[in-house]
Amino acid sequence: MKSVRNHLSLVIALFSILFSLQVFIVVDRSISAYKENLAHSYSIIIVSQKRLDNETILGMNKMISTVSELTPDKIIQKLNDGMESKNVELLKLTLPKFYKLNLSHYPAPSEIKKLTKSLLENTSVIKVEDFSSSHDTTYKLLLLFKNVIFVFSIVIFSVTTLLIFKELRIWQFKHSERMSIMALFGAPIWLRSAVLFRLAIVDALISSLLAFIVFEYISSNVWILEQFTTIGISVILFDPVDDGLKLLGVAMALSIILASLIVLGHKEEV
Amino acid sequence: MDKVILARDLSLSYSNNETIINQANFSINSGSFIFITGASGSGKSTLLKSLYGALKPKQGSLIVGGVELKGVSSTKLNFLRRHIGIVFQDYKLVKEWNIEKNIMLPLIINGYEKNITKNQVDSLLKHVRLKHQSGKYPLELSGGEQQRVAMARALAHNPIMILADEPTGNLDDYSSQLIWNLLEGANTQLKTTVIVVTHHIPETMNIEYKHFHIEYGNIHEVS
């Protein structure tokens with residue numbers, strides 16, 4: 001029972017760090033996926049005095065991924081009643097050209113400003129409609145959500161780091177007597193600290209396994225998957241190989257740093 | 001006879017700089033039995049600590065088992081300590097290990113094979129009359145029994161020298177006698193150098209020994 005309690009304190013602290021890390025990874029992935037969705041549906045309209053070919057428009061800014069010309073035929077059809085076909089053709093020729101531009105990614109407000117500027121540099125372009133007011137609202141919401149999660153992760157990380165340092169002091173006290181006795185009989189430093197490193201590695205394995213089980217469950221939970229479907233994104237919540245190894249690596253690194261700090265901080269009794 | 005310890009102008013002090021041992025000169029032959037006596041606070045335990053390198057010489061030279069302890073590296077110090085057995089007044093047993101594992105400690109450190117370790121521990125447990133308690137933990141034993149475990153641990157790896165700091169200080173007569181017998185046995189049968197810090201030299205000693213007395217930081221040999 002005592003041994004389980006000894007392990008539990010570090011396992012809980014490590015698990016909290018792994019949990020907040022994976023939540024941050026998932027949120028980051030979700031935001032990227034959401035931005036990609038927005039990038040597909042978001043477009044900019046430009047109005048040009050004369051016809052521009054696709055290459056010219058694509059060359060105006062690297063962010064532009066596709067260009068399609070908007071035909072004025074439907075509007076002209078509405079005005080068509082009683083007009084002579086010669087006049088219709090003349091109207092077609094005098095009307096400005098409209099182009100819809102799709103972008104490679106969902107832009108930041110500053111990127112939109114730059115893009116607008118570069119488009120207007122072409123003397124033929126007389127108007128750029130970037131729908132900036134609705135774009136800004138969506139972008140700021142995304143940014144707010146990401147920042148809230150980031151702050152939340154930092155808070156959890158700080159609290160658990162404090163917990164780990166408290167645990168470090170307990171371990172230092174608990175292991176220093178045994179390490180001193182071993183030193184008195186000539187044990188080299190690696191042998192003196194072997195128990196400590198073994199404990200640290202076991203705790204890292206337990207906390208990673210715990211995180212693995214929890215996120216495997218979450219990633220297959222129907223209710224959670226439905227929430228993501230509702231907001232129209234599809235992301236990998238937990239990759240057993242990539243994310244599993246990442247979590248194991250973080251847990252191992254943290255617990256080995258902890259054990260190393262204890263070994264370095266150990267002073268032999270005189 | 002080989003000199004296992006050689007001190008020249010040896011001065012010892014703790015961090016407060018108060019000199020505990022002042023320019024001592026002495027030597028100890030291999031295989032001898034030494035008692036170090038003195039009043040409380042005279043520096044007996046300090047001298048013993050310096051012999052296993054827990055306190056480095058402030059001045060002068062101290063050579064133990066061929067190793068100069070002034071400015072000794074941790075590798076050399078570990079090497080020396082692997083050939084010394086130490087018995088402390090407060091036993092210094094690892095509380096979370098059972099007594100078998102505690103006795104095994106110097107054998108593990110010296111890289112003995114598992115079957116040799118097991119046989120050696122069994123034999124030592126018989127010697128210290130604790131075979132029936134082998135699975136117990138230090139805190140489940142009496143003070144006398146714990147000191148017998150510490151004695152077995154000091155003997156386990158057949159050291160060249162045993163250093164004992166008031167080994168019978170708080171013990172009952174039975175355990176005290178057993179400890180003295182074991183120290184005598186190690187000295188006479190295995191030719192191990194034994195250095196004991198104590199307040200009183202037991203009257204029952206049946207072997208030849210040397211006696212050093214410490215007073216006001218000076219070490220004198222008592223004839």
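A quick note: this is a predicted structure, and the numbers were derived from the prediction, not measured. Just so we're on the same page: letters track the sequence lines, and every chain starts at 1. Only heavy atoms go into these numbers, but all of them, side chains included; no hydrogens, no water, no symmetry mates.
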Check this for me: [X], atom [atom1], are more than 12 non-hydrogen atoms of other residues, nucleotides or ligands nearer than 6.0 Å?
| X | atom1 | answer |
| --- | --- | --- |
| A:Phe15 | CZ | yes |
| A:Ile236 | CD1 | no |
| B:His213 | NE2 | yes |
| B:Lys95 | NZ | no |

Quiz: residues 149-156 of chain B side-chain donor-acceptor pairs under 3.5 angstrom, not counting sequence neighbours:
unit_1   : atom_1 : unit_2  : atom_2 : d
B:Arg153 : NH1    : B:Lys92 : O      : 2.7
B:Arg153 : NH2    : B:Tyr91 : O      : 3.0
B:Arg153 : NH2    : B:Lys92 : O      : 3.0

Part of B:Phe88 lying under 4.5 Å from any heavy atom of chain A: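 Side chain only.
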Check each atom of B:Leu93 against the heavy atoms of chain A and say whether the ones under 4.5 Å are side chain, backbone, both or neither.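 Backbone of B:Leu93 only, per the 4.5 Å heavy-atom cut-off to chain A.
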Specify the closest pair of heavy atoms between A:Phe185 and B:Ile86, including all atoms of both residues, with the distance to one decimal.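 Closest pair (atom of A:Phe185, atom of B:Ile86, distance): CZ-O, 3.7 Å.
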Nearest heavy-atom neighbours spanning A:Ala183 and B:Arg81: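 Heavy atoms of A:Ala183 and B:Arg81 come nearest at O-NH1, 2.9 Å.
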Distance-only criterion, 3.5 Å: show the donor-acceptor pairs between side-chain atoms of residues 143-155 of chain A and protein atoms not counting sequence neighbours.
unit_1   : atom_1 : unit_2   : atom_2 : d
A:Lys146 : NZ     : A:Asp28  : OD1    : 3.2
A:Asn147 : ND2    : A:Leu143 : O      : 3.4
A:Ser153 : OG     : A:Ile149 : O      : 2.9

When rounded to the nearest 0.5 angstrom, what is the spacing between [atom1] in [X] and [atom2] in [Y]?
| X | Y | atom1 | atom2 | value |
| --- | --- | --- | --- | --- |
| A:Arg178 | B:Asn102 | CZ | CG | 11.5 Å |
| B:Ile108 | A:Met182 | CD1 | CE | 7.0 Å |
| A:Leu184 | B:Ile84 | CG | CD1 | 10.5 Å |

pair B:Asn78-A:Arg192: side-chain heavy atoms closer than 4.5 Å: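 They are in contact (side-chain heavy atoms under 4.5 Å apart), so the answer is yes.
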